[in-house]
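Protein chains get the first letters and strands the later ones, always in sequence-line order, with residue 1 at the start of each. Heavy-atom basis, side chains included; hydrogens, waters and symmetry copies ignored. This one's a predicted model, so the numbers in the text were calculated from it and none came from an experiment.
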Amino acid sequence: MPELPEVEITRRHLADAIDGRRFMDVSVRHPRTARHNGGDPAVVEQRLQGRKAGNVARHGKFLVVPLDGGMTMVAHLGMSGRFRIDDGLGPEAPHTHFVSKMDDGSVVSFIDPRTFGFVAVFDEVELESTGLARLGPDAWETPPSVSDLAVVLRGRKAPIKALLLDQGPIAGLGNIYADEALFLAGIDPRTPGGELTEDQLEGLLTAIRLVLAGAIEKGGTSLDDLAYLLPDGRAGENLTSLQVYGRAGEPCFRCGEIIDKVVIRARSSHFCPGCQHG
DNA sequence: AACGATCCCTGTTGGC
DNA sequence: TGCCAACAGGGATCGT
């Protein structure tokens with residue numbers, strides 16, 4: 001699943017392809033891909049057509065591209081979205097919902113079977129009304145200090161796992177890396193966020209840093225089903241690094257206890273009862 | 001305000 | 001073997 005590491009890898013590839021280049025022949029094929037522009041593919045096409053991209057940025061799991069003329073392109077990979085960059089000569093992949101030829105002749109396309117992702121072009125007012133405006137500090141580029149995080153979590157009764165998925169306290173973690181970071185920090189995912197000590201929060205921030213760094217270095221996590229793929233078509237190699245995610249019923253690599261799975265906020269949470277505590 | 005539930009969607013998987 | 005229900009989950013929205 002695309003989370004911060006996968007989006008960051010995508011950002012780097014996209015930056016190579018579109019920074020400073022112009023969008024030509026924009027085509028949006030699916031109303032759900034355009035749902036943040038009223039579900040009208042023509043709006044995305046018209047707003048993007050002929051515009052020149054600035055530098056591709058990332059905030060949490062959102063990709064943000066400033067455009068000349070003042071508007072901003074925002075894209076999200078959702079569950080199954082991926083960008084592809086090629087010469088446009090080969091066959092189009094199934095579920096290709098966005099295609100744009102750039103002014104150097106390369107072709108950027110967005111492939112998204114489950115259509116949880118989107119491509120949008122916003123003016124300044126619209127930009128403020130999206131989830132982007134509600135994001136907390138980026139977990140990788142601008143992680144919060146221990147004291148900042150403590151303030152945000154003070155009094156919160158929701159499980160720390162739910163708060164990590166919320167993107168408000170800290171932005172970029174999804175189900176895989178939230179579980180992995182909590183394991184590394186030795187924290188039970190059900191622990192109310194407000195009950196974590198400063199020591200635990202410091203450990204959690206360190207664990208997040210390590211988990212994200214490892215995943216980015218390995219090109220992200222490609223699961224075996226709807227594979228997340230890098231924009232050049234390769235698979236990420238982080239799967240074998242996972243300690244708890246997807247390992248329910250198997251022994252913990254560290255202590256041998258059986259990895260457990262519980263549902264938190266309608267998401268499965270994997271953890272080791274031997275290593276993780278409130 | 002905080003929190004949980006529900007919905008969206010389709011490829012894959014597991015049970016019968 | 002074949003069919004179909006269940007499952008996976010990021011974010012938006014809504015109800016409590």
From the set dT6(B), dG11(C), dG11(B), return the single nucleotide nearest to any side-chain atom of H76(A). dG11(C)

What N/O pairs connect the protein and nucleotides 12-16 of chain C at under 3.5 Å? Give each pair on its own line.
from, atom 1, to, atom 2, distance (Å)
dA12(C), OP1, G131(A), N, 3.3

Does R35(A) get its side chain close enough to the base of dG10(C), under 3.5 Å, for a donor-acceptor pair? no

D179(A) and S268(A): which non-hydrogen atoms are nearest, and at how many Å? OD2-O, 3.7 Å

Atom CZ of R114(A) and atom C1' of dC7(B): how far apart are they, to the nearest Å? 15 Å

Winner on side-chain proximity to K261(A), out of dC3(B), dA8(C), dG9(C), is dA8(C)

Output the single nucleotide from dC9(B), dG11(C), dG11(B) whose closest atom is nearest the side chain of K61(A). dG11(C)

To the nearest Å, give me how far apart CG (D112(A)) and C1' (dC8(B)) are. 12 Å

Just wondering, are more than 12 heavy atoms of other shown residues or ligands nearer than 6.0 Å to CD in E250(A)? yes

For atom CG of D166(A) and atom P of dA5(B), their distance in whole Å: 15 Å

Testing E128(A), H36(A), M71(A) for side-chain contact (heavy atoms from CB on, under 4.5 Å) with F122(A), which one passes? H36(A)

It should be established whether H30(A) places a side-chain nitrogen or oxygen under 4.0 Å from OP1 or OP2 of nucleotide dC9(B). no

Under a plain distance cut-off of 3.5 Å, with no hydrogens placed, do T197(A) and D199(A) share a side-chain donor-acceptor pair? no

In terms of the nearest nucleotide of DNA chain B, which residue is placed more toward the 5' end: L163(A) or A266(A)? L163(A)

Whole-Å distance separating the OH atom of Y245(A) from the P atom of dA8(C): 8 Å

Among dG11(C), dC3(B), dG9(C), which nucleotide has an atom closest to any side-chain atom of S268(A)? dG9(C)

If you count the non-hydrogen atoms of other residues, nucleotides and ligands that lie under 6.0 Å from CZ in R35(A), is the total more than 12? yes

Got a donor-acceptor pair under 3.5 Å from the side chain of R156(A) to the base of dA2(B)? no

Roughly, in whole Å, what's the span from NE2 in H95(A) to C1' in dT12(B)? 12 Å

Residue N175(A), side-chain heavy atoms: nucleotide from dC9(B), dG9(C), dG11(B) that is nearest: dG9(C)

Does a nitrogen or oxygen in the side chain of Q167(A) sit under 4.0 Å from OP1 or OP2 of dG10(C)? no

Check: F183(A) and H270(A) side chains under 4.5 Å, non-hydrogen atoms: no

Please tell me if Y177(A) has a side-chain N or O lying less than 4.0 Å from either OP1 or OP2 of dG10(C). no

What is the distance, rounded to the nearest whole Å, between atom CG of L135(A) and atom P of dG10(C)? 14 Å

Whole-Å distance separating the CZ atom of R32(A) from the P atom of dG11(C): 14 Å

Separation of K161(A) atom NZ from dC3(B) atom P, in whole Å? 16 Å

Go through the steps for D103(A) and K52(A) under the test salt bridge (charged side-chain N to carboxylate O under 4.0 Å, His left out), then give the verdict. CA-CA 9 Å; D103(A) 60 6; K52(A) 184 173 169 184; over 6 Å; no

Is a side-chain donor or acceptor of R32(A) paired with a backbone partner of T115(A) at a separation under 3.5 angstrom? yes

Of A158(A) and R267(A), the one whose closest nucleotide on DNA chain B sits nearer the 5' end is A158(A)

